[in-house]
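The block underneath contains the structure these notes are about, expressed in structure tokens.
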Amino acid sequence: MAATMKLSTLGYAASMLSTGLLDEQFQKLLLLQNKSDPNFVAETITLFCEDGEHTIGELTKRLDKQCVNFDEVAAFVHKLEGGSASVGAKRVKNTCIQFLEFCKEKSRDGCLKTLDTLRVVFYEVSGKFKDMLQLEQQQAEATK
């Protein structure tokens with residue numbers, strides 16, 4: 001049963017790669033995990049999800065103001081872009097790149113529309129990451 005779960009987890013990750021949610025950086029992340037730090041990938045993904053959620057909340061607050069500080073908004077978008085690049089969250093990273101263009105243009109409407117897209121893409125990736133971690137946890141419990 002544990003072998004089946006491991007294949008399910010890998011299959012889940014492969015489907016995320018094949019649909020373009022993730023890129024090759026995610027595969028590199030998986031290679032960094034070893035026996036001395038068996039929770040590395042799970043901790044990295046969890047941190048990305050938590051930070052991303054916080055960042056989206058901060059972006060929402062800043063874009064709700066009448067006078068938007070686009071430098072502040074861009075700083076938060078850069079942070080999310082960096083986090084998404086480090087875990088291979090390709091669609092999130094690409095959406096952040098688009099978002100930054102609207103920050104340069106100082107387009108509040110463009111930023112708001114892109115924030116909506118960013119929310120959808122981020123929560124899709126985050127949800128799939130959480131499902132994958134749950135499969136990993138089930139696998140670990142089955143091998144005890």
(request) Find out whether L135 and K130 are in side-chain contact, i.e. whether some heavy atom of one side chain is under 4.5 Å from a heavy atom of the other. (result) no
(message) Using side-chain hydrogen bond (donor to acceptor under 3.5 Å, both in side chains), reason through T60 and R119 one step at a time and then give a plain yes or no.
(response) CA-CA 10 Å; T60 301; R119 266 192 207 99; 2.7 Å; yes
(message) So, taking the atom named CD in Q25 and the one named CG in L30, what distance separates them when rounded to the nearest 0.5 Å?
(response) 10.0 Å
(message) On a heavy-atom basis, which atom in L63 and which in L112 lie closest, and how many Å separate them?
(response) CB-CD2, 3.7 Å
(message) Regarding K93 and E81, does a basic nitrogen lie under 4.0 Å from an acidic carboxylate oxygen?
(response) no
(request) Please tell me if the side chains of V125 and K90 come closer than 4.5 Å, counting only heavy atoms from C-beta onward. (result) no
(message) What I'd like to find out is whether the side chain of L29 reaches to under 4.5 Å of the side chain of F40, using heavy atoms alone.
(response) yes
(request) Evaluate side-chain contact (heavy atoms from CB on, under 4.5 Å) for F70 paired with C111, printing each intermediate quantity in order. (result) CA-CA 9 Å; F70 288 99; C111 286; 3.9 Å; yes
(message) Are L21 and V41 connected into the same hydrophobic cluster when the rule is that any two of I, L, V, M, F, W, Y join if their side-chain heavy atoms are below 4.5 Å apart?
(response) yes
(request) Rounded to the nearest 0.5 Å, what's the gap from NE2 on H78 to SG on C96? Could you check? (result) 9.5 Å
(request) Measure from the ring center of F129 to the ring center of F122 and say whether it is less than 6.0 Å. (result) no
(message) Quick check: is Y123 connected to V77 through a chain of hydrophobic side chains (ILVMFWY, heavy atoms under 4.5 Å apart)?
(response) yes
(request) Could you pull out all residues at least two apart from R108 that satisfy salt bridge (Lys or Arg N to Asp or Glu O under 4.0 Å)? (result) none
(request) Give, for atom OG1 of T114 and atom CG of D116, the distance between the pair rounded to the nearest 0.5 Å. (result) 8.5 Å
(message) Between N69 (side chain only) and E72 (backbone N and O only), is there a donor and an acceptor less than 3.5 Å apart?
(response) yes
(message) Is it the case that the side chain of S18 and the backbone of S15 share a donor-acceptor pair, with hydrogens and angles ignored and the cut-off at 3.5 Å?
(response) yes
(request) To the nearest 0.5 angstrom, please state how far the CE atom of M16 sits from the CZ atom of F26. (result) 6.5 Å
(request) Supply the atom-to-atom distance L133 CG to T46 OG1, rounded to the nearest 0.5 angstrom. (result) 5.0 Å
(request) Considering only NZ, NE, NH1 and NH2 on the basic side and carboxylate oxygens on the acidic side, decide whether K28 and E24 come within less than 4.0 Å. (result) no
(message) Within the supplied structure, the quantity of interest is the number of heavy atoms (other residues, nucleotides, ligands) at a distance under 6.0 Å from K106 NZ; does it exceed 12?
(response) yes
(request) Following the transitive rule for hydrophobic clusters with a side-chain heavy-atom cut-off under 4.5 Å over Ile, Leu, Val, Met, Phe, Trp and Tyr, establish whether L31 and L22 coincide in one cluster. (result) no
(message) To the nearest 0.5 Å, what is the distance between OG1 on T117 and CG on N94?
(response) 12.5 Å
(request) Tell me whether F102 is reachable from V121 by hopping between hydrophobic residues (I, L, V, M, F, W, Y) whose side-chain heavy atoms are closer than 4.5 Å. (result) no
(request) Determine the minimum heavy-atom distance between F99 and L59, stating which atoms define it. (result) CE1-CD1, 4.2 Å
(request) Side-chain contact test, heavy atoms from C-beta onward, threshold under 4.5 Å: evaluate it for F48 versus L80 and give yes or no. (result) yes
